[in-house]
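Worksheet: one structure, shown below.
Below, read A as the first sequence line, B as the second, and so on, with proteins coming before strands; counting in each chain starts at 1. Here the structure is a predicted model, which means the values were calculated and not measured. Computed over heavy atoms, backbone and side chain alike; hydrogens, waters and symmetry mates excluded.
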Amino acid sequence: MRRIGLLVVILAAQFAALEAGLRWYGGSEASPAFQQLFMQDPRVGHRLRPGAAARYTTAEFSTDISINAQGVRDDAPIGPKAVGERRVVILGDSLVLSVQVDLAQTFAKQLERGLNAGDGATTWRVINAGVQGYGPVDEWLFYQHVVDGLEPDLVLTMVFVGNDAVEAYDKQTWIDTDGPPAAATADAAASLARRVTRSSMVLQNVRLRWDLLKSAVEGPGAERPLTSYLASPPPDVINGLAVSRRAFGLIAERAAARGARTGLVLMPARFQTDDADYERLRAIVAAGGDTLVRDAATERFRDALTPLALPMLDLLPILRKQPDRHALFFQENVHLTPRGHTVVGEALVAFVRSLTPPGD
Amino acid sequence: MVFTSLHFVAFFVVVYALYRAVPHRAQNWLLVVASYYFYAAWDWRFLSLLIGSTVVDYAVAQAIERADDPVRRKRLLWLSLAFNFGILGFFKYFNFFADGLAAMFATIGWRLDPVTVNVILPIGISFYTFMTVSYVIDVYRREIPASRSLLDFAVFVAYFPHLVAGPILRASLLLPQIATVRRISRTQITEGLWLMAWGVFQKMFVADNLAALVDAVFGGGASPRGGDVLVATWAFAFQIYGDFAGYSNMARGMSKLMGIELNVNFRFPYFVTSPQAFWRHWHISLSTWLRDYLYIPLGGNRGTSFETKRNLFLTMVLGGLWHGAAWTFVLWGVYQGLVLGVARGIADLRIPLRHTWQKVALGVLMFHVTCYGWLIFRAQSASQVVDFTGRLATDLAMTATTWQTLLVPFLLIVSPLLVVHIYQARHGDELAVLQLPIAVRYAVYGAVGWLVLVFGNFQGGEFIYFQF
């Protein structure tokens, strides 16, 4: 009995030491330093916390992240629009927010520099309005309640073809309720367990590994985002495409009402440009008895969004034709590398110029 | 079915429960059936090769033992060698040599269209081939008797703890344990459980986490600085060690639980001060195999100094080629052969090391000599070796990014391993942890458990040595 007591005391002390060490070191999206970049907002669910800052370090990158007073990633606040200033807002998810690279390396800032290099008469301001975990419905709510006030002249919506359909499907009711539903109170114990787990970095790591073990037991098959690429996609993908079209249509309508234009940018998933990653995922999906069609999600979004009659830029052929296309995304992390941002930034400069000719 | 997968855990629980419940003869049947299932889980098509190798070498060894005529004995030995190395050579080196020959003729303007076959490497073939070859040679040399039981011999060849990544066991060690009734002691269970836990830690915490650092630099997607290359090479040194030593420890641990002792395959190889000592501490079962069945038959150190160095060189080049059909492995073997030759020349000078700091400095130098070999081993191509060597020579400064993204994670991952290793090495016993006071021992168990649970890689990464 004394031995068990001794073991319990030692394990508890080690738990506390690990928790303290993890909180001090950070290095994970579960760390308090990273999590405090976000806040709850009853109008949009979650968003970036105005004035927050954090240093985010992993094995592949180390970046400083600053959120400005308006709640978007930027070092400087966004005040009233000056004479001769034109603004581009880029809506999207973590691929737009880009915590993996420094602010100056993001394609948003590269677009801003590219536009300002071309036309001395106009000062361009490009606003990175990406938020981790957002899908089409969140982007509509964020645009409506936050970004609209930033007076954009052009709204670019970055559509991540990998998971936007399923994310839109999950939140389709939020459009009609104009925001997320009130928190459910059904299962107090489960809710408490979730809160306790979220409050501990050790427990969050344990839960992540538990999920991996569970998925290993459940056997191979397509992860949910990959279902957008299956030869026969499930209904939530088909319906999600329709919800996405509705959300992007609402953004375009509201922008037009304010005199702004809207453009759509289709962003592919890493495996669409990285051959080794594609082979790996194809085998996983095949082991589950399904067929992974490499460009299916891009084609489905293109078809679904064409009726909106909005200008559309498909980044897939641009990224795929790069000789170093395996270097466009991080290996441990599916987001763009600095090189990937450069390629996307250059493509966006040409796209925006085509939408806003001089004198327009 | 890697040792760290749920599939294997379920497999082992079922096999072990049955193993403890049945008598000796049935245990051996169980081990054969379980081992063949284990192998078939990788690729059932190659099970026939494993069984074929078992039957042929069992029969040849019997025939060698019965034969008195030296010429007939030698012919039988050559038959076995041709069979085993023929299969190994075909599956492992066919395309390598076919492509190499075509490239060589192309340089003089001759276009050759070699028959290329999409040859898949049967997992573990290098390991079990070396085991059966050593068995037949030992019988030929009359060092051991031929096995009288095909069942026992089949267990020796296919015993699942060592089957796909070693250790490369000798028949003199394993066959007697298979043939006799096994009694499992409490000490074996304690040691077995510790070795399995320590092996899981070495694989899932150390090796699989270091893999991300290594791949970020060696993956070919980035243009690293020399400092990045240096830290990534250190990381690979510990990744390959954690991966392979972890597998060996898990194999030894689960085998102890079944009452069967396997060789120690690694003994603190990065704490040595000479290349000769490194090969006495790294992949010991392969080093001793190469020594006994290649280096000594070539003449060993019985001839002139030049002949000894030549024998060392040839042994290491062939040892490099054993690892795989790629020029980087050949280059690695050449490097190891040269290093051993140079070290032997330095050892002949008999320079005394009087101070501790001299030994520490020599240890650090030796670690980096080993690391350069690992750079060659890990590189994706010979041109990457040249590129990275240039970066190491001209651009060794550590940038802030190198510190934050490579060096600090590397030190955090490797430190717990080194703390335990230093203690074990000081006591000359890799099981020294089990002799610690109870509170300290529990702290070590707890730390190993927490680190695996919180930071371990649960994605089921394969073991590097499976590819050999």
Side-chain angles (χ1 to χ4, degrees), chain A residues 2-15 17-19 21-22 25-28 30 55-63 102 200-219 274 276 324-333 337-340, chain B residues 2 4-10 204-205 208-223 228 231-232 235 399-413 416 437-460:
Chain A
R2 284 180 60 189
R3 286 186 170 207
I4 293 173
L6 177 66
L7 185 60
V8 169
V9 168
I10 287 170
L11 290 177
Q14 289 177 328
F15 178 92
L18 261 181
E19 186 70 36
L22 281 170
Y25 181 67
S28 147
R55 182 164 193 78
Y56 183 32
T57 301
T58 74
E60 291 186 297
F61 50 81
S62 181
T63 50
D102 287 327
S200 161
M201 285 189 69
V202 171
L203 294 180
Q204 284 192 66
N205 276 287
V206 172
R207 196 200 63 183
L208 183 67
R209 277 145 188 84
W210 172 247
D211 290 345
L212 285 169
L213 279 179
K214 268 201 313 187
S215 65
V217 172
E218 286 159 4
D274 185 324
D324 56 347
R325 62 178 186 271
H326 63 282
L328 301 175
F329 292 87
F330 285 109
Q331 288 303 307
E332 287 296 303
N333 182 299
T337 59
R339 168 74 186 136
Chain B
V2 294
T4 48
S5 68
L6 279 180
H7 187 183
F8 181 80
V9 172
M204 294 175 75
F205 176 76
D208 288 349
N209 284 322
L210 287 175
L213 310 185
V214 175
D215 293 347
V217 174
F218 280 87
S223 182
D228 300 335
V231 179
T399 63
T401 306
T402 306
W403 275 86
Q404 286 163 353
T405 62
L406 289 173
L407 191 57
V408 171
F410 165 74
L411 292 174
L412 287 172
I413 293 167
I438 189 166
V440 184
R441 202 161 75 234
Y442 281 3
V444 174
Y445 295 162
V448 166
W450 278 121
L451 289 174
V452 170
L453 199 60
V454 177
F455 301 110
N457 187 325
F458 279 56
Q459 305 272 34

Q) So do B:Phe455 and A:Leu22 actually touch side chain to side chain, heavy atoms under 4.5 Å? A)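 Heavy-atom side-chain distance check passes, below 4.5 Å.
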
Q) Within a strict 4.5 Å, meaning less than it, do heavy atoms of the B:Ile438 and A:Arg3 side chains meet? A)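 B:Ile438 vs A:Arg3: side chains touch.
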
(Q) Under a 4.5 Å cutoff for heavy-atom pairs, which residue among B:Gly449, B:Ala10, B:Gly446 has the most contacts with chain A? (A) B:Gly446

Q.
Run the side chain to side chain donor-acceptor pair (under 3.5 Å) test against A:Arg339 and tell me which residues pass, sequence neighbours left out.
A. A:Gln322, A:Asp324

Q: List in chain and number order the residues that pass side chain to side chain contact (heavy atoms under 4.5 Å, CB included) with A:Leu7, two or more places apart in sequence or in another chain; answer none if no residue qualifies.
A: A:Leu11, B:Tyr442

Q: Heavy-atom distances under 4.5 Å only: say whether B:Val452 touches chain A with side chain, backbone, both or neither.
A: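 Only the backbone of B:Val452 comes within 4.5 Å of chain A.
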
**Q.** Interatomic distance, A:Asn205 atom CG to B:Leu453 atom CG [nearest 0.5 angstrom]
**A.** 9.0 Å

Q. At a heavy-atom separation under 4.5 Å, does A:Phe15 approach chain B through its side chain, its backbone, both, or neither?
A.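 Both the backbone and the side chain of A:Phe15 come within 4.5 Å of chain B.
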
Q. So, A:Gln14 side chain and B:Ala443 main chain: donor-acceptor pair closer than 3.5 Å or not?
A.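 Present.
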
Q) When you look at A:Val202 and B:Trp450, which way does the side-chain contact (heavy atoms from CB on, under 4.5 Å) test go after all the steps? A) CA-CA 9 Å; A:Val202 171; B:Trp450 278 121; 4.0 Å; yes

